[in-house]
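Read the structure below first, then the notes.
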Amino acid sequence: MTLSKNFEHQINEHKWYSHWLDKQYFKSTPDERTPYTIVMPPPNVTGVLHMGHCLNNTIQDILIRQARMKGFNACWVPGTDHASIATEAKVVAMLRERGIAKSSLSRDEFLSYAWEWKEKYGGIILQQLKKLGCSLDWDRTTFTMDKDYYDSVINIFMDLYKKGVIYRGKRMINWDVKALTALSDEEVIRKETRQKLYHLNYAIEGTNDNITIATVRPETIMGDTAICVHPDDERYKHLHGKFAIVPLINRRIPIIADDYVAMDFGTGALKVTPAHDVNDYALGQKHQLEIVDIFNDNGTLSEDAQIYIGLERFEVRKKIAIELEEKGFLIKTEEYTSEVGYSERTDVVVEPRLSMQWWLSMKDISSPALKAVMEEEIKFYPPKFKNVYRHWMENIKDWCVSRQLWWGHRIPAWYHESGKFVVAKNEKDAIAVFETEHNISNAVLKQDEDCLDTWFSSWLWPFEVFKGYSNPNNADINYYYPTNTLVTAPEIIFFWVARMIMAGHEYMDVKPFQEVYFTGIVRDKQGRKMSKSLGNSPDLLELIDQYGADAARFGIMIASPAGNDILFDETALEQGRNFNNKIWNALKLIKMWEVRQTHEHTNENDFAINWFENRLSEVSIEVEQMMKQFKLSEALKTIYTLIWDDFCSWYLEWVKPGFEQPIQANVYNKTTEFFTDLMQLLHPFMPFISEEIYHQLDKRNDDLCVRLLIEKDSPNQTQLDQGVLLKQVISGIRDVRNKQQMKPKDSIKLFIQTEEKPVFESLMPILSKQVNANEISFANDTVANSFTSVIGKDKFYILTEQPIDLSTQKSALEKELSHLKSFLISVEKKLSNEKFTQNAKQEILDLEYKKKADAEMKINIIELSLKDMIG
RNA sequence: GGGAGUUUAGCUCAGUUGGUUUAGAGCAUCUGCCUUACAAGCAGAGGGUCACAGGUUCGACUCCUGUAACUCCCA
């Protein structure tokens, strides 16, 4: 069978993924083996695959595939998140396109559209993950609104309510005036925004005096209920206890003093609007100020504003500024840049607002979760995130769990027209409880219209995918939980990771995972975060089509050091594709040998085989170590070098027979064995090509995907050192050849002056092949009319037909000599320093003496050579 | 304003408790090669006063202090 020119990724990806599925290699059920479990961070149900998912899921697949090959019962659970805000926003937009307003629909009608949308577009992303080669147990696919999952979310809400940690309260929240919902602090994006700072005059009651305040929100003056100054501010001391008059509406408000005010900002006088600013609210509470809410839900002004009723807030800002100026209240404006909060979902400016919401008290529930991480019961990689986590957990605030949305888990609270309410699983229960509690009959109750925050369902993920709460102590949860590794983005450390740890401790009494690996954030070449709005996120599926899934995996992994952001560059994928090509060509070479085997046996390839065997052990052990520390990028680099340089560039060249010459059968067999081992090392990173090569190399009854990794013995250091020496000598001599502009076809005669003849004897067959020497022998002295090269402690004389130009040689030797001399001086200086010889450890001292001796010897050799040249 | 982090070759990064032949990779660059698996390749080379300024030490990329720039989180 002839092999294609290059690795055909499209055919092979499809072929192998379906084969793996047919064989059910990704399916996991509890058995006697030790489990290795990962739950996938569920992407938004209507999401599409982007670079962040690619990175995240490639890492998980590498870990899972490696675990599978190491004999663990590997289980990787897929699923999707209902993503209440994001999905509802998409459904609303879709309906709007069809000319349907959400407000014209009943809740049930809206939800049927939403489910329709979910059935149509939901889970596309999971299909896309198959293209990447992800080895997920598809039978376990979970959705956060599956029946059991939904019930668990509701039950947990009721349980926490019973425990008294869920409460209802009017609090300052972040209000999204477009989505008409409350946002958690984490859903608010702060952006540097250019604004105007307006200086406004408020008249002091009963005087002709004024006080000037500075504000960026002149449209909120109708909500002002005080003016605040610093108690020590000399400029305003005379005004303490007096009253000011709000312009345009003429409300009388007190002038209060509080050291919260910064004297050096603006005018040092602050207008206080408790209904529309978090800090003002706190100030209002402290000084018992009146609260005047001047906004409607949608960001227009309410009747309480008295003026500009029904107009939009930013429009009012413009208009009121003009009116204030016309009426003489506006003193001046200045440019001012500060951070303003925007909704993560709708990108509108967030309105701080007082609202009745459901809250979860975090103090008690969070303390075991803090402890678990600080005491490394759960390990974070990289560990720097421990600090971030601690800082947040120690300053944790209560969690606003309600959202003014329909798509999600509906809050199980039921209200009576009297305003009293009960929390219950369904209407029947609610009525029963309510009637008993309040001793009435025929109560009519209405369920809360709001939904729970998405994270209030995803914090159950690690156990509820195994139905650990809905069906306690089932076989799966007992076997797979706690899971092993969580791979996620650092951005959601608080949203999700921290809360999963809390839920795990609260409901399973155990941590949800052993370790968390935080990936970097994928950025573009300019370092910008990839996002839809910037349009700088490449189409991953197109890239996979173009370069292949293995190349995409390679490209994203090679550039992603543990915990650092990765700058995505398409050339990395090209590198991955080239790597595929290299591997493929090595296969082609070996397949050419297959048909030309001889059972004649010589030992001229023994060195190459021994060396590579040791090199393979060395690297296998290194890779194993790196993987344990999540140095995946380094592990991949190491394997890449082993395959490209050590295997292809060195080993294969060393054992390669001459043109159309046969290869010894034992060499051929060893070579395919090595290649197999290499593919096994590579498999977790690049599953498709490695599986294909595995089957190309030999007739197999099994698949690489599930082949068990055999632990390697530790390598023989002498063999490895000799390999290094051989490579150095080959490169050194090739360098001379290059510098002398010898053609590859020009052969040379080589003389070696060494104290280690036996070593070089075993290297000779390879050496002659690699530097094109038709004759190699040992010399005890200088060889006339030759080029000299000093490599390590040995001297090489190269004899050619070509006329000799010694000048380049000479200057090279002189350069080397001066380098060695200054090196020697620095070593000698160190050694003559008494304090050094007294304090340094013996092994350090020995090393310095060795450095000195080596340098002296090399200097000696080079000086002799130079002398010969002159002579 | 508070906290965390980063700064090593043109780019992306390694560099383990201070000492490993006066700092290592990959990519890019340069030189020479269509050599028989691979030009998506082969052979070789050049390139860094380790952000800056001090300090501790026999010895600092590594530890300490300060400065600067950038990044992230929180007010």
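Within the 4.0 angstrom heavy-atom criterion, no nucleotide atom of any strand lies near A:Trp593. Among the atoms of the strands shown, only primed sugar atoms or phosphate atoms (P, OP1, OP2) are found under 4.0 Å from some heavy atom of A:Arg734. The residue A:Tyr640 sits close only to the backbone: its heavy atoms come under 4.0 Å of sugar-phosphate atoms, none of a base. Nucleic acid contact for A:Asn833: sugar-phosphate only, since backbone atoms but no base atoms lie under 4.0 Å from a heavy atom of the residue. Residue contacts shown for A:Asn580 are absent, as no nucleic acid heavy atom lies under 4.0 Å away. Within the 4.0 angstrom heavy-atom criterion, base atoms lie near A:Lys656. Contact annotation for A:Leu847: backbone-only contact, meaning every heavy-atom pair under 4.0 Å involves sugar-phosphate atoms and none involves a base. No engagement by A:Lys591 is indicated, since no non-hydrogen atom pair under 4.0 Å with the nucleic acid exists. Using a 4.0 Å heavy-atom distance criterion, A:Ser822 is classed as a base contact. Among the atoms of the strands shown, only primed sugar atoms or phosphate atoms (P, OP1, OP2) are found under 4.0 Å from some heavy atom of A:Ser731. Counting non-hydrogen atoms under 4.0 angstrom, A:Asp854 reaches a base of the nucleic acid.
We find that NZ of A:Lys631 is positioned 14 Å from C1' of B:G24, with the value rounded to whole Å. Rounded to whole angstrom, the span from the NE2 atom of A:His391 across to the P atom of B:A4 amounts to 7 Å. As rounded to whole Å, 21 Å separates atom P of B:G19 from atom NZ of A:Lys835. Summarising the geometry, the separation between CZ on A:Phe518 and C1' on B:C72 is reported as 14 Å, rounded to the nearest angstrom. The CD-P distance, from A:Glu653 to B:A37, rounds to 8 Å in whole Å. Rounded to an integer number of Å, the gap from A:Leu820 CG to B:U21 C1' is 9 Å.
A sub-4.0 Å separation between OP1 or OP2 of B:C74 and a side-chain N or O of A:Asn395 is absent. At B:A43, one or more side-chain N or O atoms of A:Ser649 fall inside 4.0 Å of OP1 or OP2 (strictly under the cut-off). Within the structure, every side-chain polar atom (N or O) of A:Trp644 is placed at least 4.0 Å from both OP1 and OP2 of B:C27. Note on A:Lys582: a side-chain N or O is less than 4.0 Å away from OP1 or OP2 of B:C42.
Contact of A:Gln770 with B:A43 (side chain to base): no donor-acceptor pair of N or O atoms is detected under 3.5 Å. Taking only distance into account, the side chain of A:Lys851 never meets the base of B:U22 through a donor-acceptor pair shorter than 3.5 Å.
Note on ring orientation: taking the six-membered ring where Trp is involved, the planes of A:Phe675 and A:Phe647 are tilted (angle from 30° to 60°). Relative orientation of the A:Trp650 and A:Trp654 rings is tilted, given thresholds of 30° and 60° on the angle between their planes.
Between B:A40 and B:G19, the two C1' atoms lie 44 Å apart (nearest whole Å). The separation of B:G48 from B:C11, taken at their P atoms, amounts to 13 Å, rounded to a whole angstrom. Going from the P atom of B:A25 to that of B:U35 covers 29 Å, rounded to whole Å. Taking atom P on both B:G47 and B:U31, the two are 16 Å apart, rounded to the nearest angstrom. Taking atom C1' in both B:A14 and B:A75, one finds a spacing of 37 Å when rounded to whole Å. B:U65 sits 36 Å from B:G26 when the P atoms are compared, rounded to a whole Å. Taking atom P in both B:G5 and B:G41, the straight-line distance is 41 Å, to the nearest Å. Rounded to the nearest Å, the gap between the P atom of B:G1 and that of B:A23 is 41 Å.
Between A:Tyr640 and A:Phe685, the ring center distance fails the sub-6.0 Å criterion. Under the 6.0 Å cut-off for aromatic ring centres, A:Tyr668 and A:Trp593 do not qualify, their centroids lying 6.0 Å or more apart. Between A:Phe518 and A:Phe380, the ring center distance clears the sub-6.0 Å criterion.
A donor and an acceptor atom, one from each side chain of A:Asp846 and A:Gln842, are located under 3.5 Å apart. No hydrogens or angles considered: a donor-acceptor pair under 3.5 Å links the side chains of A:Arg734 and A:Gln770. Judged purely by distance below 3.5 Å, without hydrogens or angles, the side chains of A:Glu692 and A:Gln696 pair a donor atom with an acceptor atom.
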Revision key, fill the gap. RNA chain B in dot-bracket form (Watson-Crick or G-U pairs under 3.5 Å, [ ] crossing, | inter-strand) is (((((((..((((.....[....)))).(((((.......))))).....(((((..]....)))))))))))).

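Looking only at side-chain heavy atoms (C-beta outward), A:Phe579 and A:Gln575 stay at 4.5 Å or farther from each other.
Among the nucleotides B:A45, B:A37, B:U35, the one closest to the side chain of A:Leu589 is B:A37.
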